[in-house]
Amino acid sequence: MIEEPIVRTWNNCYFHSKATNNNCGILRDEYTCQPLVCKWHRTKEEYLESLYKASCNYEKATGRRDYQVKFVPMVLRNDFIEYRKKREREIMTDE
């Protein structure tokens, strides 16, 4: 099954914000959004997967499972915890 590529636009970015002039919650106002090259441009699912991979690296390096407390934004913490549980279940069923 071939997945459709994600078409990058400023309005399907997880960090989209009406509070700034450039509609971005991360970029400073004087920079315009360039979604095809923006390293922060993510859907929520992509962002959670990125955080999950970072948490795996953190756990491997430190031996601690407190990544969500130290590095995951509070607004995403519960979503991240659920996402991590889901990914861990997937890994367990694949083995």
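The model shown is predicted, which means the values in this text are computed figures rather than measured ones.
Arg77 and Val72 get closest at one heavy-atom pair: NH2-O, 3.2 Å. The shortest non-hydrogen separation linking Cys33 to Asn22 is CB-O, 4.3 Å. Considering all non-hydrogen atoms of both residues, Leu76 and Lys44 come closest at CD2-CE, 3.7 Å.
Atom CZ of Arg64 is surrounded by more than 12 heavy atoms from other residues, nucleotides or ligands within 6.0 Å. Atom NZ of Lys86 is surrounded by more than 12 heavy atoms from other residues, nucleotides or ligands within 6.0 Å. Other residues, nucleotides and ligands contribute more than 12 heavy atoms inside 6.0 Å of the CD atom of Glu88.
Here Tyr83 pairs with Glu49 under the side chain to side chain donor-acceptor pair (under 3.5 Å) rule; sequence neighbours left out.
To the nearest 0.5 Å, atom CG of residue Leu27 and atom OG of residue Ser17 are 11.0 Å apart. Taken from CD in Glu59 to CZ in Arg84, the straight-line distance is 7.5 Å, to the nearest 0.5 Å. Atom CZ of Phe80 sits about 10.5 Å away from atom CZ of Arg87, to the nearest 0.5 Å. Expressed to the nearest 0.5 Å, how far SG of Cys13 lies from CD of Glu46 amounts to 9.5 Å. Taking OG1 of Thr43 as the reference point, atom CZ of Phe15 lies at 10.0 Å (rounded to 0.5 Å). To the nearest 0.5 Å, atom OG1 of residue Thr62 and atom NZ of residue Lys60 are 12.5 Å apart.
Between the side chain of Thr93 and the backbone N or O of Arg89 there is at least one donor-acceptor pair closer than 3.5 Å. A donor-acceptor pair under 3.5 Å is absent between the side-chain atoms of Asn21 and the main chain of Asp29, judged by distance alone.
There is no path of hydrophobic side-chain contacts, each under 4.5 Å, that joins Val69 to Tyr47. A single hydrophobic cluster is seen to contain both Leu48 and Ile26, as judged by linkage of ILVMFWY side chains at heavy-atom distances under 4.5 Å, directly or through other members. Note: the hydrophobic cluster containing Val75 also contains Phe71 (ILVMFWY, side chain heavy atoms under 4.5 Å, direct or indirect links).
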Could you check Gln68 against Tyr58 for side chain to side chain contact (heavy atoms under 4.5 Å, CB included), going step by step and ending with a plain yes or no? CA-CA 10 Å; Gln68 71 274 3; Tyr58 175 81; over 6 Å; no
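Inter-residue side-chain proximity for Tyr67 and Leu51 is flagged as met; some heavy-atom pair is nearer than 4.5 Å.
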